[in-house]
Participant: 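Take this structure first; my questions come after.
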Amino acid sequence: VHHNEDKIDYVFKVVVIGDSAVGKTQVLSRFAKNEFCFDSKSTIGVEFQTRTVSIQSKVVKAQIWDTAGQERYRAVTSAYYRGALGAMLVYDITKRQTFDHVARWVEELRAHADSSIVIMLIGNKADLVDSRAVPTEDAVEFAERQGLFFSETSALSGHNVESAFLKLLEEIF
Ligand code: GTP
């Protein structure tokens with residue numbers, strides 16, 4: 001569906017966060033451009049991509065911010081989270097440590113983002129079934145306890161990427 005720029009009803013800022021190399025940039029590129037890049041470089045600074053969707057016959061432009069998971073590139077925080085209505089908190093289902101750090105990312109959100117921000121926990125790289133290190137149940141339990149939405153995705157195959165973003169945008173709406 002083609003949307004005319006001047007018919008946008010709402011602009012929703014969404015931030016993507018999580019440890020380095022969990023696939024934040026690729027999940028976002030899959031949603032924004034339906035693309036996947038195998039030799040994706042680590043993000044430096046902040047970048048954003050947009051995609052416009054229809055929700056309940058309103059035109060919503062999602063402005064999705066992506067930043068480096070690496071501590072040394074993270075000069076952002078307050079500016080990055082300012083005005084964000086939603087957050088995609090991504091971990092890698094094959095790297096337990098990236099899931100163990102999710103609690104810290106939630107703390108960072110609670111400290112810097114608006115208290116009404118909608119958070120979606122994303123277990124990415126779900127295509128790597130043989131290397132799974134984080135059981136789905138662990139993430140479901142954590143998400144329920146923290147009041148987060150949850151989905152497992154694959155930026156590579158595209159599995160669940162669209163539905164996760166749409167769910168987040170609908171919840172913001
Ligand atoms: P930083 O910018 O360093 O914070 O990393 P990032 O979280 O943005 O990770 P990025 O999107 O650059 O992806 C890291 C690596 O994981 C790349 O080699 C991707 O090709 C790979 N990758 C990302 N998503 C998937 C996925 O769903 N499945 C598989 N198999 N690999 C993925």
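Below, all heavy atoms of this structure are taken into account, side chains as well, without hydrogens, waters or symmetry copies. Numbering of ligands and ligand atoms starts at 1, following listing order. Start at 1 with the first residue, then count along the sequence.
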Participant: Under 3.5 Å, is there a donor on one side chain and an acceptor on the other for D66 and T25?
Facilitator: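 Present: a donor and an acceptor within the cut-off.
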Participant: Nearest to atom 18 (O) of ligand 1, what protein heavy atom do you find, and at what distance?
Facilitator: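 Minimum-distance protein heavy atom for atom 18 (O) of ligand 1 reads F38 O, 3.5 Å.
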Participant: Identify, by atom number and element, the atoms of ligand 1 in contact range of A21, meaning under 4.0 Å from any of its heavy atoms.
Facilitator: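 Matching atoms, with element in brackets: 1 (P), 3 (O), 4 (O), 5 (O), 6 (P), 7 (O), 9 (O), 14 (C), 16 (O).
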Participant: Is there a side chain to side chain contact (heavy atoms under 4.5 Å, CB included) between R110 and I119 once you walk through the steps?
Facilitator: CA-CA 10 Å; R110 305 272 188 233; I119 307 170; 3.7 Å; yes
Participant: Could you check atom 24 (N) of ligand 1 against the protein and tell me its nearest heavy-atom contact, residue, atom and distance included?
Facilitator: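 Answer for atom 24 (N) of ligand 1: N124 ND2, 3.2 Å.
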Participant: Which residue owns the protein heavy atom closest to atom 28 (N) of ligand 1, what's the atom, and how far is it?
Facilitator: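 Closest protein heavy atom to atom 28 (N) of ligand 1: D127 OD1, 2.7 Å.
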Participant: Is it the side chain (CB and beyond), the backbone, both or neither of S157 that lies under 4.0 Å from ligand 1, heavy atoms counted?
Facilitator: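 Within the 4.0 Å criterion, S157 makes no contact with ligand 1.
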Participant: If we only count N/O pairs under 3.5 Å, is F36 in contact with ligand 1?
Facilitator: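 Not met; the criterion fails.
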Participant: With a cut-off of 4.0 Å, which atoms of ligand 1 are near a heavy atom of A155?
Facilitator: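 Close to A155: 24 (N), 26 (C), 27 (O).
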Participant: Evaluate the ring planes of Y80 and W65, with Trp represented by its six-membered ring, and classify them as parallel (under 30°), tilted (30 to 60°) or perpendicular (over 60°).
Facilitator: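 If you compare the ring of Y80 with that of W65, the planes turn out perpendicular.
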Participant: Determine whether any heavy atom of D19 lies closer than 4.0 Å to an atom of ligand 1.
Facilitator: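 Yes, that is the case, since the closest heavy atom of the residue is under 4.0 Å from the ligand.
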Participant: How many angstroms lie between atom CD1 of I64 and atom CD of Q49, to the nearest 0.5 angstrom?
Facilitator: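 These two atoms lie 7.5 Å from each other.
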Participant: Do the side chains of W105 and V90 get nearer than 4.5 Å, heavy atoms only?
Facilitator: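 A side-chain contact under 4.5 Å is absent here.
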Participant: Output the distance between atom CG (D114) and atom CG (L109), rounded to the nearest 0.5 Å.
Facilitator: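 D114 CG to L109 CG: 11.0 Å, rounded to 0.5 Å.
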Participant: Look up atom CZ in F99 and atom CG in L89, then write down how far apart they are to the nearest 0.5 Å.
Facilitator: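 Rounded to the nearest 0.5 Å, the CZ-CG separation comes to 10.0 Å.
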Participant: For atom 2 (O) of ligand 1, what's the nearest protein heavy-atom neighbour? Residue, atom name and distance, please.
Facilitator: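 Ranked first by proximity to atom 2 (O) of ligand 1 is T43 N, 2.7 Å.
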Participant: Look at atom 13 (O) of ligand 1 and find which of S42, S154, S20, G23 reaches it with the closest heavy atom.
Facilitator: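 Going through S42, S154, S20, G23 one by one, G23 has the nearest heavy atom to atom 13 (O) of ligand 1.
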Participant: Could you list the atoms of ligand 1 found under 4.0 angstrom from a heavy atom of C37?
Facilitator: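 Listed by number with element, the hits are 20 (O).
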Participant: Quick one: nearest non-hydrogen protein atom to atom 11 (O) of ligand 1, plus distance?
Facilitator: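 Going by distance alone, atom 11 (O) of ligand 1 is nearest to Q26 N, 3.0 Å.
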Participant: Evaluate the side-chain proximity of Q56 to D9: yes if any heavy-atom separation is below 4.5 Å, no if none is.
Facilitator: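 No, their side chains stay 4.5 Å or more apart.
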Participant: Compare E152, K125, H159 and give the one whose heavy atom is closest to atom 15 (C) of ligand 1.
Facilitator: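 That would be K125.
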Participant: Which ligand 1 atoms, with their elements, are less than 4.0 angstrom from a heavy-atom of L128?
Facilitator: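 By the 4.0 Å cutoff, the relevant atoms are 30 (N).
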Participant: To the nearest 0.5 angstrom, please state how far the NZ atom of K7 sits from the OG1 atom of T52.
Facilitator: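 Here the interatomic distance stands at 13.0 Å.
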Participant: Considering both backbone and side-chain atoms of A126, is one of its nitrogen or oxygen atoms within less than 3.5 Å of a nitrogen or oxygen in ligand 1?
Facilitator: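 No - when backbone and side-chain N and O of A126 are compared with those of ligand 1, no distance drops under 3.5 Å.
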Participant: Atom 12 (O) of ligand 1: which protein heavy atom is closest, and how many Å away?
Facilitator: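 Scanning the protein heavy atoms, the shortest distance from atom 12 (O) of ligand 1 goes to S40 OG, 2.5 Å.
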Participant: Check each atom of ligand 1 against the heavy atoms of K24 and keep those under 4.0 Å away; list them by number with element.
Facilitator: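 It comes down to these atoms of ligand 1: 1 (P), 4 (O), 5 (O), 6 (P), 7 (O), 8 (O), 9 (O), 11 (O).
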Participant: Taking 4.0 angstrom as the limit and counting only heavy atoms of T25, give me the atoms of ligand 1 inside it, by number and element.
Facilitator: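 By the 4.0 Å cutoff, the relevant atoms are 8 (O), 11 (O).
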Participant: Hey, what do you get for CD (Q97) to CG (D92), rounding to the nearest 0.5 Å?
Facilitator: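 Q97 CD to D92 CG: 11.0 Å, rounded to 0.5 Å.
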Participant: Using 30° and 60° as the class boundaries, would you call the ring planes of F173 and Y10 parallel, tilted or perpendicular?
Facilitator: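 If you compare the ring of F173 with that of Y10, the planes turn out perpendicular.
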